[in-house]
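As structure tokens, the structure follows; a few thoughts come after it.
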Amino acid sequence: MSDNNNRQWFEDNNDSQDRRRVGGKKSHAGERKSPADPSRKHRSARKSTAQSGKQPPRPNNNRPNQPGKSNQQKKPNQPNRPNQPDNAKGAPVSSKGKPHGKAQPQEKGQSKGQIQSQGKSQPKGNPQGPKKGQQASKPQQSKKPQQSPENIKKNDTPVTPAIPLKGSKEDLKQDKKAKKNAKPTPDEIRKKSSRRKALVSSGVAIGLVLAGIMVLFFVVHHLFDYFAVKPNLEFVTNGTIEHTIGSRAIIVRDESVVLSNHGGDFVTEAAEGSRVAAGQSIAMVVPADMQTVVENLRNTQSQISDVQQELIAEGSAEGADVIYRDIDQSLTPIVNMLRLDSINGNLSELSSYSSSISVLLNQRETELAGLAFDDERLRVLRSDERGYQSQLENRASVIYAPEPGIVSFKLDGLETVINYEVLLNADAGTIRDYINGAVGVIPSVLTVQAGDNVARIASNDEQYIACFLNESDAPMSAFEVGSSHTVIVGSEGLSIGKCIVRRVTPTSNGNYLVVFSTTRYVENLLDVRSADIEVVITETRGMRVPVSSLVNPDYSRGVATLYINNQGFCTEVGVLIEDYDREFAIIKPIGDVSVPNLQTVYITNPGSVNPGDQVS
């Protein structure tokens with residue numbers, strides 16, 4: 001009896017639980033409504049989702065120990081019991097055997113055994129039959145109770161909404177707005193800050209690299225322009241081309257010598273190479289005990305020169321600029337030749353250059369002394385100079401010029417040996433010996449003995465130049481007596497024109513002696529006894545350009561090309577070559593063409609441009 005009562009209690013308890021699952025309602029026949037078929041519910045949900053264009057919902061798999069879901073799982077190897085209902089607990093089950101709905105929470109006051117007994121399904125019948133003494137219970141209907149839509153919506157587990165593949169435009173706008181209005185977290189702020197710093201660093205690095213490339217390009221471009229050869233432009237000018245032959249020559253003048261009757265230090269009063277009158281004091285011989293007076297006199301004269309230079313620089317002396325300009329014109333060729341010899345390493349004529357410069361400087365000082373300087377310092381120095389000179393005149397031996405002429409205090413011993421008569425009448429061999437034994441520049445003396453020659457005076461304005469030439473360089477017939485030629489003295493920077501041939505004598509080995517006379521540059525060559533000269537054979541005048549400026553010259557035919565500047569562009573024109581030497585060429589236009597002329601600008605370095613290039 002107790003067993004029947006217990007069974008009845010369990011059945012009633014199960015009925016009450018089922019009523020709670022299905023909403024507590026019964027059918028008209030008094031039977032419980034079975035829950036709706038889960039598969040039919042999912043099919044309807046998929047159908048409605050397909051019609052709306054959305055993704056079907058995913059099944060909600062039960063996981064253990066999650067609230068709202070059942071913790072009961074089917075054991076994998078447990079066989080199915082016969083006549084067992086689809087779901088003992090009434091929860092919808094998917095096709096894989098996993099329940100969709102949430103598990104019912106444990107009711108207060110239920111024991112663990114009661115929960116387990118509730119979870120087990122009741123068998124539909126006892127195959128062995130009821131036990132003896134037990135009352136058979138009513139078989140349970142296999143048909144599940146139907147649930148109303150309200151109960152399904154209220155009691156069933158909510159289905160997880162489908163995730164759309166693409167959201168609507170309004171949803172995207174709302175998401176963007178929400179993200180925009182959302183306050184960034186510290187991590188996001190740090191990430192953004194680090195990203196911003198990285199971007200700034202990258203930008204700065206790229207900017208520095210680009211700036212470096214631009215600077216390098218700028219430097220290379222300007223270096224290329226700096227080192228690139230640029231065209232040089234010059235005007236066509238008239239000039240002369242001279243064909244010369246070289247030789248060693250001796251220079252002779254008709255000179256008289258001056259003796260000293262006393263010995264001592266030699267002090268000059270006239271400038272070297274200056275013109276003096278007969279009876280003019282030109283020098284003095286000072287005894288040894290008057291050396292201090294001589295030194296004081298020289299120091300005073302040096303101070304006078306310094307004061308004069310200062311007054312001239314201030315513009316206090318009228319006519320001084322004219323004197324300086326004339327002397328500078330005479331010094332310029334000597335200085336140029338000195339530079340050229342220094343570059344070529346030729347120092348053999350250095351003493352000659354020094355002597356010529358000294359003569360010109362002394363001449364300048366003499367001319368400046370004649371100027372009127374209104375200065376108190378200069379008047380005092382002049383007074384001291386006269387006092388020292390008076391002391392020397394009382395004790396020293398004064399030397400006077402015996403005749404007018406050009407005075408020189410440099411002697412070599414040939415003044416009384418060789419002269420114009422010797423050059424005209426002496427044997428060619430004797431003259432050759434004089435040439436080979438002569439010094440280049442005659443030295444000066446500082447101390448003399450009694451009876452020595454201390455000065456020489458050239459009484460006329462004519463000097464003679466004797467040299468030997470060869471037939472292989474120029475025929476002797478080109479130097480007829482009375483013919484005029486140009487002689488160039490390179491060491492002195494002089495080109496002496498209109499030198500008249502006075503003697504022509506043939507010698508052995510195809511050589512011949514030529515003697516020239518000239519009245520030009522006697523003062524400049526007064527201290528020169530022998531020098532290297534060049535005799536001009538032929539001379540051609542015309543438009544002269546450097547040989548290096550000619551393009552593809554054909555000297556056998558006498559034609560060449562010249563690059564000229566034609567309105568800022570390089571243009572080539574043909575020219576005829578009339579004459580040329582190692583440095584220059586005489587050109588003229590071809591035919592009736594008027595270009596080139598004296599107004600034509602030509603390019604001296606044609607290798608730097610091509611025809612048609614722009615020049616500036």
Side-chain angles (χ1 to χ4, degrees), residues 206-246 332-333 335-337 339-345 486 488 490 493 495 534 536-616:
I206 294 173
L208 291 176
V209 171
L210 293 177
I213 293 174
M214 293 179 64
V215 171
L216 181 61
F217 176 79
F218 179 81
V219 171
V220 171
H221 177 71
H222 281 73
L223 284 177
F224 178 79
D225 289 343
Y226 179 78
F227 290 107
V229 179
K230 297 181 179 180
N232 297 325
L233 306 178
E234 289 186 7
F235 281 98
V236 176
T237 57
N238 284 326
T240 303
I241 288 181
E242 299 172 341
H243 296 276
T244 62
I245 54 177
T332 300
V335 174
N336 291 337
M337 293 302 300
R339 290 174 179 173
L340 181 61
D341 288 351
S342 299
I343 293 173
N344 297 329
T486 300
I488 300 173
S495 178
E534 291 183 1
V536 178
I537 302 174
T538 60
E539 182 177 351
T540 306
R541 295 185 60 84
M543 291 187 296
R544 190 179 70 173
V545 297
V547 172
S548 59
S549 64
L550 298 178
V551 181
N552 300 324
D554 188 350
Y555 295 107
S556 61
R557 297 173 52 198
V559 294
T561 301
L562 186 69
Y563 286 171
I564 65 173
N565 181 12
N566 185 10
Q567 297 180 355
F569 292 91
C570 176
T571 305
E572 55 182 355
V573 295
V575 296
L576 295 176
I577 301 175
E578 291 188 327
D579 197 1
Y580 65 95
D581 59 6
R582 295 186 300 269
E583 299 180 2
F584 298 99
I586 301 296
I587 63 173
K588 69 177 183 178
I590 297 177
D592 297 334
V593 181
S594 60
V595 177
N597 50 49
L598 296 180
Q599 286 76 37
T600 302
V601 178
Y602 70 99
I603 299 172
T604 61
N605 52 343
S608 62
V609 293
N610 294 317
D613 292 348
Q614 185 176 5
V615 295
S616 58

Heavy-atom closest pair, residues Leu550 and Pro553: O-CD, 4.1 Å
Value rounded to 0.5 Å, distance of CG in Leu562 from CD1 in Ile577: 10.0 Å
Gap between atom CD1 of Ile564 and atom CD of Glu572 - 0.5 Å precision: 10.0 Å
Backbone of Thr240 reached by a side-chain donor or acceptor of Arg544 within 3.5 Å: yes
Asp579 side chain to Ile586 backbone, donor-acceptor under 3.5 Å: no
Interatomic spacing from CD in Glu242 to OG in Ser495 - rounded to 0.5 Å: 5.5 Å
Separation of Leu233 CG from Asn605 CG (nearest 0.5 Å): 8.5 Å
Contact check, side chains of Ser548 and Thr604, non-hydrogen atoms, under 4.5 Å: no
Close side-chain approach of Pro596 and Tyr602, heavy atoms under 4.5 Å: no
Where Val536 and Ile488 come nearest, the two heavy atoms and their spacing: CG2-CD1, 4.2 Å
Minimum heavy-atom distance between Asp581 and His243, given as atom pair plus value: CB-CE1, 4.3 Å
Contact check, side chains of Met543 and Asn238, non-hydrogen atoms, under 4.5 Å: yes
Least distance between heavy atoms, Tyr563 atom then Pro606 atom: CD1-CB, 3.5 Å
Donor-acceptor under 3.5 Å (Asn565 side chain, Ile603 main chain): no
Atom of Pro589, atom of Ser594 and distance for their closest heavy-atom approach: CG-C, 4.4 Å
Exercise: identify the closest heavy-atom pair between Phe569 and Gly612: CD2-O, 3.6 Å
Test side-chain contact (heavy atoms from CB on, under 4.5 Å) applied to Val593 and Val573, step by step: CA-CA 10 Å; Val593 181; Val573 295; over 6 Å; no
